[in-house]
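Let me begin by presenting the structure, written as structure tokens, before commenting on it.
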There are 2 protein chains.
Amino acid sequence: MTKGRVTVIDIAQAAGVSKSTVSLVLQGSPLVNEATRSKVNSAMRELGYVYNRGAANLRQASAKSKIIGVVVNDLTNSFFAELAVGVDMVVQSAGFVQFLSNTSESIDRQREVIASMREHGISGLIVSPARATEAVDFKPLVAAGIPVVVVVRSLPGAKVSSIVSDNEGGTSAAVEHLASLGHTRIAFLGGFTDTAVFEERLAGYIDGLNRAGLGFDEELVISSAPSRAGGVDAIGRAIAMGNRPTAAVCFNDAVAFGVCDGLRARHMEPGRDFAVVGFDDVIEAQTAVPALTTVSVDPQSMGRRAAQLLLKQINAGRAEAENVTTAVRLVVRESCGAAQKKIGRKMA
Amino acid sequence: MTKGRVTVIDIAQAAGVSKSTVSLVLQGSPLVNEATRSKVNSAMRELGYVYNRGAANLRQASAKSKIIGVVVNDLTNSFFAELAVGVDMVVQSAGFVQFLSNTSESIDRQREVIASMREHGISGLIVSPARATEAVDFKPLVAAGIPVVVVVRSLPGAKVSSIVSDNEGGTSAAVEHLASLGHTRIAFLGGFTDTAVFEERLAGYIDGLNRAGLGFDEELVISSAPSRAGGVDAIGRAIAMGNRPTAAVCFNDAVAFGVCDGLRARHMEPGRDFAVVGFDDVIEAQTAVPALTTVSVDPQSMGRRAAQLLLKQINAGRAEAENVTTAVRLVVRESCGAAQKKIGRKMA
DNA sequence: TGACAAATTTGGAACGTTCCAATTATTAAG
DNA sequence: CTTAATAATTGGAACGTTCCAAATTTGTCA
């Protein structure tokens, strides 16, 4: 029907004003008369006008687009999905739109995705880096003045803001809790050893052991993929040991669920026959049977905080790199054996 | 340091050619001499050039951007996360970039998100519609010639392509399988009754009952939220019945997991004391204990197909709406009681 | 060497918006 | 009724790219 797309000029013609006036209306400027404003608005509705942000960005070199990019390393892990949801909440209410991409731990894909986002003129980036990411990978971004917030995995040496959870405090608290229940052989299961997160959680594990007056036995840390399957694998190896552990703090909830699966496959009941504690507090943690005792990170609020920090930097124009570690809280449920099984404590 | 951003003109100057030539290089045109091409390329590297897609789109009115939008209704459901991953795979290898957003079942948010995507000039849209979405909501999109592929939930009356799984065939097969194991009272648990998907799966359930020569008892269909918590709730009501069922096909895997949880909370073992079959085949289905018998939809391949269909339409310029329903396959594991528990059938 | 074809390169003129300075319409004050 | 102030509107000129037609260089063949 109509040839090209509808532009401000078409609107201007239809409303009997100039394109400048239409532009003013578009930006909600107070300079324009109420009568003309509504005239223009109805013309836009009538012609089915769509704003061309590309053209707008072109002109206002500084104001940037209203996109903020989010890059995660594993979207199939519900932790990251929820993180993204948290980001989306605050980003959306600030009138921005989220541009989410998944790297599947591929550093090449990460490079591509970030480059593509730059081309589209994102005004900020929230990223959970893929595994082998280096600090220098973000150099060009910060050089270009694009605020970056790194989440979940810290990136030592990078001059960007970061939000990580208190991994060390979390596992430390978990170990102390298990010790207070009488366990003396407590394992640390799952996770790849070459990540900063692993190191931190392991350090907390050792710290908790010390606080509880228990010795550290290297044999009790068993690494594996940080997934459900990895958990099955790890608990298998733990149980095969001569002097087997009676409890475990796991690298994350996925591993913890796998550990529960593995226990059941060997006719042991998690909570009763073996205590397990997770890390993350994904949604399934509370509805699972037995409900998972875990260190609660609340990915959604982490996402919200990351988004807030990023927006602050975007608005400030040029903010200092800020490093925050979010507090973490041990949520005692059933899988650790601290019997407190009550059905329907609160409304579902 | 440098004032504005680096543009083709800066590159041209540095390389001693004209901006047109730089543009040619950018597009990989065969017209340009090898020597000049590399000269230009190194100039770009040196000055840290970033392509401004906004400006490019402005000029080439037709060619559109290289963004394809993906809108899902619940990112925290891993089914959709995996769907998105599938889309990303093919979209990425075609040189497009994915722009993923979540509506959380909010139809308003869906409108906003789609509007925003249009402003950014997406060249195609894949959407799993929020719950109350109407066919007319996509009218403006198709009128503007933007290809749309609806996935998961069909949208009767909309003139857009769609990819849905064979819901009816799936539940039908599930019921027949349970009947072949000797069950005669088979429930249908979970799901909101006001969705097309529910209707289809329910129809398949009834069809399966008929094929197996069993009668349909309305009392045995118990709806609930399509979530883990909803499953717990539904099985609770099923068990409270006088003439209780001995098996259930569930609206989806999340519900099925909830059903398993609910059974255990009542000291019944899924698979042994009660047969449960899910729908979707999310990744956890195979690692869970007991492994979930379920109708496999493979969200990832569904995502891939959706992306392929969309790309086809984008390339064709103006393709007909195509409605495909993807085949579905009953995967028999442990939760239905058909004992075939073998550990380590294949490599993990 | 001259003429012609092929291979490369190149200045504008768009694209749809915002910004600026300048113009015109309206109101208030004298 | 004039003048000044204020409110509202308006034409270009950008922004960074691609496209087109035209210009230039290079190569080929007699």
Side-chain angles (χ1 to χ4, degrees), chain A residues 2-41 43-44 47-67 116 118-121 123 144, chain B residues 2-41 43-44 47-67 116 118-121 123 144:
Chain A
T2 68
K3 219 185 57 197
R5 74 167 107 209
V6 183
T7 82
V8 275
I9 300 192
D10 300 318
I11 304 299
Q13 230 142 33
V17 297
S18 79
K19 62 184 166 43
S20 302
T21 306
V22 177
S23 174
L24 257 11
V25 171
L26 246 17
Q27 306 169 251
S29 160
L31 294 188
V32 27
N33 186 301
E34 238 4 277
T36 40
R37 181 193 305 281
S38 65
K39 212 166 35 175
V40 168
N41 276 327
M44 293 204 284
L47 301 189
Y49 172 72
V50 271
Y51 185 67
N52 184 335
R53 215 176 275 268
N57 285 7
L58 195 51
R59 188 55 174 85
Q60 24 180 184
S62 56
K64 285 292 168 72
S65 80
K66 284 294 220 178
I67 313 182
S116 184
R118 277 197 75 185
E119 288 181 4
H120 287 289
S123 32
Chain B
T2 69
K3 221 185 56 195
R5 74 167 106 209
V6 183
T7 82
V8 274
I9 300 193
D10 300 317
I11 304 298
Q13 230 142 34
V17 297
S18 78
K19 63 185 164 44
S20 303
T21 305
V22 177
S23 173
L24 257 11
V25 171
L26 245 18
Q27 306 169 253
S29 161
L31 295 188
V32 25
N33 187 300
E34 235 8 273
T36 39
R37 182 193 305 282
S38 65
K39 209 165 39 174
V40 168
N41 276 327
M44 293 204 284
L47 301 189
Y49 173 72
V50 271
Y51 185 68
N52 184 335
R53 214 176 276 267
N57 284 7
L58 194 52
R59 189 55 174 85
Q60 24 180 183
S62 56
K64 285 291 168 69
S65 78
K66 283 295 220 178
I67 312 182
S116 184
R118 277 197 75 185
E119 288 181 4
H120 287 288
S123 32

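Computed from a predicted model, the values in this text were never measured in an experiment. Naming: A, B, ... by sequence-line order, numbering from 1 per chain.
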For B/Thr7, which contact category applies under a 4.0 Å heavy-atom criterion: base, sugar-phosphate, or nothing? sugar-phosphate

What is the distance, to the nearest angstrom, from the CG atom on A/Asn52 to the C1' atom on D/dT17? 13 Å

Sequence neighbours excluded - salt bridge (charged side-chain N to carboxylate O under 4.0 Å, His left out) pairs with any residue from residues 24-38 of chain B: B/Glu34-B/Arg37

Given D/dC15, is OP1 or OP2 found less than 4.0 Å from the side-chain N or O atoms of A/Gln60? no

With a 4.5 Å limit on heavy-atom distance, are the side chains of A/Leu26 and A/Tyr49 in contact? yes

What are the two closest heavy atoms between B/Ala14 and B/Leu47, and how far apart are they? CB-CD1, 4.1 Å

Side chain to side chain donor-acceptor pair (under 3.5 Å) filter on A/Arg118, not counting sequence neighbours, yields none

Interatomic distance, A/Arg53 CZ vs C/dG16 C1' [rounded to whole Å]: 14 Å

B/His120 NE2 to C/dG16 C1', in whole Å, measures 15 Å

Separation of atom CG in A/Asn57 from atom C1' in D/dA14, rounded to whole Å: 15 Å

Check side chain to side chain donor-acceptor pair (under 3.5 Å) between B/Ser23 and all other residues, then give those that pass, not counting sequence neighbours. B/Gln27

Taking the side chain as C-beta and beyond, is there a heavy-atom pair between B/His120 and A/His120 under 4.5 Å? no

Could you check whether any side-chain heavy atom of B/Arg5 comes within less than 4.5 Å of a side-chain heavy atom of B/Asn52, counting everything from C-beta outward? yes

Roughly, in whole Å, what's the span from CG in A/Leu47 to C1' in C/dG16? 15 Å

Can you check the B/Glu119 CD to C/dT17 C1' distance for me, whole Å? 13 Å

Please report the distance, rounded to the nearest Å, between CG in A/Leu58 and C1' in D/dA14. 9 Å

State whether B/Gln27 places a side-chain N or O below 4.0 Å from either non-bridging phosphate oxygen (OP1 or OP2) of D/dT17. no

Per atom distances to the A/Tyr51 side chain, the nearest of D/dT17, C/dT18, D/dC15 is C/dT18

Mind checking the CE-CG spacing from B/Met44 to B/Asp10? Nearest 0.5 Å is all I need. 12.5 Å

Tell whether B/Arg59 reaches the base of D/dT17 with its side chain through a donor-acceptor pair below 3.5 angstrom. no

So which protein nitrogen or oxygen atoms get under 3.5 Å of nucleotides 8-11 of chain C's nitrogens or oxygens?
{"from": "C/dT9", "atom 1": "OP1", "to": "B/Thr36", "atom 2": "OG1", "distance (Å)": "3.2"}
{"from": "C/dT9", "atom 1": "OP2", "to": "B/Asn33", "atom 2": "N", "distance (Å)": "3.1"}
{"from": "C/dT9", "atom 1": "OP2", "to": "B/Thr36", "atom 2": "OG1", "distance (Å)": "3.3"}
{"from": "C/dT10", "atom 1": "OP2", "to": "B/Ser18", "atom 2": "N", "distance (Å)": "2.8"}
{"from": "C/dT10", "atom 1": "OP2", "to": "B/Ser18", "atom 2": "OG", "distance (Å)": "3.3"}
{"from": "C/dT10", "atom 1": "OP2", "to": "B/Thr21", "atom 2": "OG1", "distance (Å)": "2.8"}
{"from": "C/dG11", "atom 1": "N7", "to": "B/Ser20", "atom 2": "OG", "distance (Å)": "2.9"}
{"from": "C/dG11", "atom 1": "O6", "to": "B/Ser20", "atom 2": "OG", "distance (Å)": "2.8"}

Quick check on the helix from C/dT1-D/dA30 to C/dG30-D/dC1: what's the angle between its two end axes, five base pairs per end, to the nearest 10°? 40°

With sequence neighbours left out, the residues meeting side chain to side chain contact (heavy atoms under 4.5 Å, CB included) with A/Ile9 are A/Thr7, A/Lys19

Taking atom P of D/dA8 as reference, at what distance in whole Å does atom NZ of A/Lys39 sit? 13 Å

